[in-house]
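Keep in mind that the numbers below use all heavy atoms, side chains included, and drop hydrogens, waters and symmetry copies. The sequence lines fix the lettering, A, B, ..., with proteins before strands; numbering per chain opens at 1.
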Amino acid sequence: MPELPEVEVVRKSLDKKIKQKKVKKVIIRNRNLRFKIPLNFESFLKNQKIIKVDRFSKYLILHISNKTYCLLHLGMSGTVHLVSNNDKSLITNTSFYSNPILPKKHNHVELIFEDFKLIYNDPRRFGFFQIIDNDFELKKRFSHLGPEPFSTKFNVRYILSFFKRKKKNIKNFLLDQYFVSGIGNIYASEILFLCKINPSKKVSKLKKKDCQKIINFSKKVLLHAIKKGGSTIRDFKSTSGKKGNFQNKFKVYERGGLKCKRAECEGTIKKKTISMRSTFYCNICQK
DNA sequence: AAGAGGCCCTGATAGC
DNA sequence: TGCTATCAGGGCCTCT
């Protein structure tokens with residue numbers, strides 16, 4: 001369940017290792033990801049350099065030396081692994097790369113570099129690789145995505161005007177990538193807890209002050225999670241197989257039935273399904 | 001236009 | 001033990 005922080009953790013380690021490296025060979029074992037990998041994908045990437053690894057929202061953007069882009073989305077269960085070409089062990093030359101585990105099944109895509117390779121593993125195949133031809137197409141590809149929480153465009157004025165004449169609840173909109181991009185189901189619950197806003201609250205009832213809280217805590221939670229190496233619930237691992245640490249910091253997620261972590265609050269964390277997604281909140285301090 | 005619902009897929013777990 | 005059902009949730013699509 002990679003959300004923005006998990007993808008950013010992957011981006012950082014990936015950029016460090018494959019920036020300015022040339023793709024020697026591409027191996028695809030299963031083309032049937034979220035979108036079918038086209039037959040020319042291998043020849044397209046072969047002998048190209050990866051200029052750098054960028055990220056927008058939950059998308060990784062590999063800048064290719066022929067002025068195109070390779071998008072990589074991890075879907076729900078995608079992981080990226082960097083493995084030595086010689087002894088098949090995971091690369092362990094930085095502190096980030098420890099606890100090496102390479103899955104045996106579902107290694108669908110390999111990008112082979114001079115002395116190591118990148119392996120894309122994805123049991124559920126909700127992730128994808130996509131070649132984007134130019135800047136214009138890249139812009140178009142992301143046109144359905146709203147600003148990231150860090151963007152200055154994500155401000156009180158924007159939020160209030162977006163919520164005009166909308167009838168859904170706030171949890172729904174935090175997951176709506178057209179409204180704000182990068183937040184997923186886990187962090188949506190965490191953000192609303194910190195804001196003391198009930199996830200079922202209709203956005204038409206939100207005040208200026210609430211919007212400001214949403215802005216502040218969205219940034220805070222995501223940045224904190226990045227710092228902690230992301231969250232590992234079931235699937236997410238870094239490029240070396242290392243798990244994240246942020247799950248230990250969850251205030252509400254997967255804490256149904258437990259006591260509210262707010263010191264002065266006697267509430268209990270409840271689990272509720274909102275638009276087909278499990279949602280956690282405190283029944284007392286989230287109004 | 002906005003919102004509700006469904007589908008893609010596999011693995012872990014629960015219940016019988 | 002082995003079977004089936006349920007849940008996990010990101011993105012995108014259709015239908016109303």
Practice problem: Round to the nearest Å and state the distance from A:Leu71 atom CG to C:dG10 atom P. | Solution: 18 Å
Quiz prompt | Check: A:Phe193 ring centroid to A:Tyr281 ring centroid under 6.0 Å | solution = no
Self-check item: The single option from A:Arg141, A:Lys140, A:Lys139 passing salt bridge (Lys or Arg N to Asp or Glu O under 4.0 Å) against A:Glu137
Solution: A:Lys140
Quiz item: What distance, rounded to whole Å, do you find between the two P atoms, one in B:dG6 and one in C:dT6?
Solution: 14 Å
Exercise. Determine the interatomic distance between P on C:dG11 and the same-named atom on B:dA1; round to the nearest Å.
Key: 23 Å
Practice problem: Specify the separation, in whole Å, of atom OH of A:Tyr178 and atom P of B:dA1. | Solution: 10 Å
Quiz item: Using a cut-off of 4.0 Å on non-hydrogen atoms, how would the nucleic acid contact of A:Lys164 be classed: base, sugar-phosphate, or nothing?
Solution: nothing
Quiz item: Which letter, B, S or -, goes with each nucleotide of nucleotides 3-9 of chain B from 5' to 3', with contact meaning a protein heavy atom under 4.0 Å?
Solution: SS---BB
Quiz item: Using the ring of each side chain (for Trp, its six-membered ring), is A:Phe162 parallel, tilted or perpendicular to A:Tyr158, with breaks at 30° and 60°?
Solution: tilted
Self-check item: Interatomic distance where CD belongs to A:Glu254 and P belongs to C:dA8 [whole Å]
Solution: 8 Å
Quiz item: So, is A:Gln177 close to the C:dG10 phosphate, meaning a side-chain N or O under 4.0 Å from OP1 or OP2?
Solution: no
Quiz item: Rounding to a whole Å, what distance do you find between A:Phe163:CZ and B:dA1:C1'?
Solution: 17 Å
Quiz prompt | N/O (side chain, A:His73) to phosphate O (OP1/OP2, C:dG11) under 4.0 Å | solution = yes
Self-check item: Min side-chain heavy-atom separation A:Lys58-A:Gln177 under 4.5 Å
Solution: yes
Quiz item: Please give, in whole Å, the distance from C:dA8 C1' to A:Glu3 CD?
Solution: 13 Å
Quiz item: Touch check for A:Tyr59, heavy atoms < 4.0 angstrom, all strands: base, sugar-phosphate only, or nothing?
Solution: sugar-phosphate
Quiz prompt | Nearest-Å distance for atom pair CZ/C1', residues A:Phe128 and C:dG11 | solution = 8 Å
Quiz item: In whole Å, what is the span from the CG atom of A:Leu175 to the P atom of C:dA8?
Solution: 14 Å
Quiz prompt | Euclidean distance, atom CZ of residue A:Phe179 to atom C1' of B:dA2 [Å, nearest integer] | solution = 15 Å
Quiz item: Would you say A:Gln48's side chain and A:Asn66's backbone share a donor-acceptor pair under 3.5 angstrom?
Solution: yes
Quiz item: Are A:Tyr59 and A:Phe56 close enough, and set up right, to give a ring-ring contact (aromatic ring centres under 6.0 Å, His included), and what steps lead you there?
Solution: CA-CA 5 Å; A:Tyr59 298 75; A:Phe56 183 71; 7.8 Å; no
Quiz item: Counting N and O atoms only, with roles assigned by atom type, does the side chain of A:Asp15 sit under 3.5 Å from a partner on the main chain of A:Lys52, one being a donor and the other an acceptor?
Solution: no
Quiz item: Looking at A:His144, does any N or O in its side chain come under 4.0 Å of the phosphate oxygens OP1/OP2 on C:dC12?
Solution: yes
